[in-house]
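Some notes on the structure that comes next.
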Amino acid sequence: MECKKCKSPSIYHQKHSGKHFCKECFINDITKKVRKTLGRNIIKNNVKIGIGLSGGKDSLVMAHLLSEFFKPIPNAKLIGLMVDEGIDGFRTDGINNAIDFCNEYDIEYKVVHFKDYIETDLDTIVKLAKEKNLTMNPCSFCGVIRRKILNKIAIIEKCDYLAIGHNLDDISQAVMMNYIEGNIKKLAVLGKDSKNSKFVKRIKPLEKIPEDEVLLFADFLKLKYHKAPCPYSSLSYRSEISEITDQLEENHPGAKYSIVKGFERLLEYLNVPEEVGVCKICGDASSRDICKVCTYLKELEILEKSKF
Ligand SMILES: [Zn+2]
Ligand SMILES: [Zn+2]
């Protein structure tokens, strides 16, 4: 088979489109798609973007592309933001990969730790939750607190946007999870931009790129990314859902795109009012009296240690 564009030998067959790509045309295609996702409203002068960096393939591919797009733009600024949750034997490797990347690409960066904000790390929390017989999924806790911390440093760093490395798979999984749980409010929040000034606007440059293509792109570019999966991820509901969406995609190429497209169509009919309240404890924007992070910390009886 040959590349549909330049007739060189094909190295990748994109099942959902039927197209064949050579390495160069594949790289160009992904780059073009991501540039289109961001658009001229984001890729412009005087913009500062905080990039959430885990050191994994998604975050480094995203950072590579952002650095390409912003290279020719004066006064635009990128800053890598890393959150160390404190997962023994896992996170330090990822952060080291991210630091090496930033040094190589000449991107400024900042590392913050769970410990800086809650005086403890994720491993300790998981143990504590077990001791207290709390049915708390490590990923749920980790996710909300990481999000809160990233948002905090993005505010401190005066970022206009916070870039998150979620790919098409992540988003289709999130949509499916919320459907299955009947969580319409969370669905709406997933798709709509928060206008609350306490949230730095989040962008997802890779939202239209399937995970296997992100992986291929990272390997073609020889990016040195952190490969080990998080030791807690197999415990998650999400990993179950990802098996289902992978199977769907296998049998019906394009299924992941269509899950997200259907969701975007549905969004037009969802009219969920903007969250206006604030958390009674930490003062951050929240739809309930007490935000999710504070609720978790309260259940764990470590709320008094919170610096939020
Ligand atoms: Zn080609
Ligand atoms: Zn709170």
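For the numbers below, each heavy atom of this structure counts, side chains included, while hydrogens, waters and symmetry mates do not. Order of appearance sets the numbers: ligands from 1, and atoms from 1 within every ligand. The model shown is predicted, which means the values in this text are computed figures rather than measured ones.
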Centroid-centroid distance, His64 to Phe101, less than 6.0 Å: no
Look only at the side chain of Ser59 and the backbone of Ser54, and say whether a donor-acceptor pair between them is shorter than 3.5 Å. yes
With the Zn ion (ligand 2) at the centre, find the angle made by SG from Cys279 and SG from Cys291, to 10°. 110°
Can you find a side-chain donor-acceptor pair between Thr31 and Asn28 that sits under 3.5 Å? no
ang(SG Cys3, the Zn ion (ligand 1), SG Cys22) rounded to 10° is 120°
Which angle, to 10 degrees, forms at the Zn ion (ligand 2) with SG of Cys294 on one side and SG of Cys282 on the other? 110°
Any donor-acceptor pair under 3.5 Å from Asn97 side chain to Lys224 backbone: yes
